[in-house]
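Below is one structure, written out as structure tokens; comments come after it.
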Amino acid sequence: MSLVFQELHPASSPSTLNEEWFVLENTGPGQVNTAGCTLTVSRKGHPKGQKSSRILGTLDPGVVLKAGERVRLICGSPAKKDQGQPPAEAEGMRNYHLFLREPSLLKDELTVRLLLKQHLFCSIDYTPPVQKAE
């Protein structure tokens, strides 16, 4: 299976959950079903063990990605307008909302993983952008 995180996009503030997302792409030749996969984060450098990882959510029902397709895993809820406007869907890029309560990509260096039970599908390291001094 060739799932790859292509982009991690942090929210501009803790309340704008619809502005935080993870782009997942199927780079393999066949289709992949993400049903039941778990999205986790841990501090960068920690092993993938349960004690060091925090579960963000389970993709249920998940999505089926054909070869070359991408999905944007948006942290917020589409019904909550106070969480900001999620990006529009486009051909080859669907939105999948995670309905989280808080953003994950605000301050720490993290490793984001997609697992099915204990099988690692993909992971990516994240370093927050440097804030410009005014």
Side-chain angles (χ1 to χ4, degrees):
M1 304 213 187
S2 300
L3 290 176
V4 177
F5 282 110
Q6 293 293 350
E7 177 187 358
L8 303 180
H9 186 273
S12 60
S13 73
S15 64
T16 56
L17 280 172
N18 283 325
E19 294 178 6
E20 181 172 288
W21 63 76
F22 314 97
V23 175
L24 187 64
E25 181 177 4
N26 178 4
T27 59
Q31 71 179 19
V32 177
N33 189 345
T34 64
C37 287
T38 303
L39 189 63
T40 68
V41 294
S42 62
R43 284 195 194 131
K44 191 173 172 182
H46 282 229
K48 65 179 178 181
Q50 293 289 335
K51 295 191 190 264
S52 64
S53 295
R54 181 170 54 104
I55 296 174
L56 294 180
T58 301
L59 303 181
D60 186 23
V63 294
V64 175
L65 293 171
K66 296 177 186 170
E69 278 189 326
R70 298 183 303 164
V71 64
R72 186 182 294 118
L73 305 174
I74 298 174
C75 293
S77 169
K80 294 187 177 180
K81 301 303 177 196
D82 61 331
Q83 291 183 350
Q85 183 66 31
E89 291 188 354
E91 187 175 331
M93 174 80 81
R94 293 176 280 167
N95 289 342
Y96 185 95
H97 289 268
L98 298 171
F99 302 95
L100 301 181
R101 295 178 190 207
E102 60 186 20
S104 302
L105 303 175
L106 284 181
K107 55 184 176 185
D108 294 332
E109 290 188 346
L110 301 171
T111 299
V112 180
R113 294 182 179 90
L114 186 69
L115 304 139
L116 182 58
K117 300 193 187 228
Q118 292 185 357
H119 176 73
L120 178 66
F121 275 165
C122 60
S123 70
I124 188 170
D125 289 333
Y126 171 77
T127 302
V130 177
Q131 299 293 331
K132 294 180 182 178
E134 293 185 30

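Note that CD of E25 and CD of E69 are 10.0 Å apart. Values are rounded to the nearest 0.5 Å.
Between P87 and R72 the shortest heavy-atom distance is CG-CD, 3.4 Å. Contact between G76 and H97 at its shortest, heavy atoms only, is O-ND1, 3.2 Å. When every heavy atom of P10 is checked against every heavy atom of L105, the shortest pair comes out as CB-O, 3.5 Å. Here the shortest heavy-atom pairing between E20 and S104 reads OE2-N, 2.8 Å. Nearest heavy-atom pair, Q31 versus N26, reported as atom, atom and distance to 0.1 Å: CA-ND2, 3.8 Å. Nearest heavy atom pair, residue P86 against residue I74, reads CB-CD1, 3.8 Å.
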Report the C-alpha separation of S42 and T111 in whole Å, then their side-chain angles, then the decisive distance to 0.1 Å, and conclude whether the side chain to side chain contact (heavy atoms under 4.5 Å, CB included) test is met. CA-CA 5 Å; S42 62; T111 299; 4.0 Å; yes

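Taking hydrophobic clusters as Ile, Leu, Val, Met, Phe, Trp and Tyr residues chained together by side-chain heavy-atom distances below 4.5 Å, V4 does not share a cluster with L115. The cluster map of Ile, Leu, Val, Met, Phe, Trp and Tyr, joined by side-chain heavy atoms under 4.5 Å apart, puts F121 and L56 in the same cluster. In this structure, V23 is not a member of the same hydrophobic cluster as L65, with clusters built from ILVMFWY side-chain heavy atoms closer than 4.5 Å.
The aromatic rings of W21 and H9 sit parallel to each other, their planes meeting at less than 30°, with 60° as the upper class boundary.
Judged by distance alone, with hydrogens and angles left aside, the side-chain atoms of D108 form no donor-acceptor pair with the main-chain N or O of L110 at under 3.5 Å. With hydrogens and angles ignored, the 3.5 Å screen pairs a side-chain donor or acceptor of T27 with a backbone N or O of S2. A distance-only check finds a donor-acceptor pair linking the side chain of N18 to the backbone of G84 [under 3.5 Å].
Applying side chain to side chain contact (heavy atoms under 4.5 Å, CB included) to L73 and the options L100, L98, L8 leaves one that passes, L98. Evaluated for a side chain to side chain contact (heavy atoms under 4.5 Å, CB included) with L114, the options T40, T38, L59 yield exactly one hit, L59.
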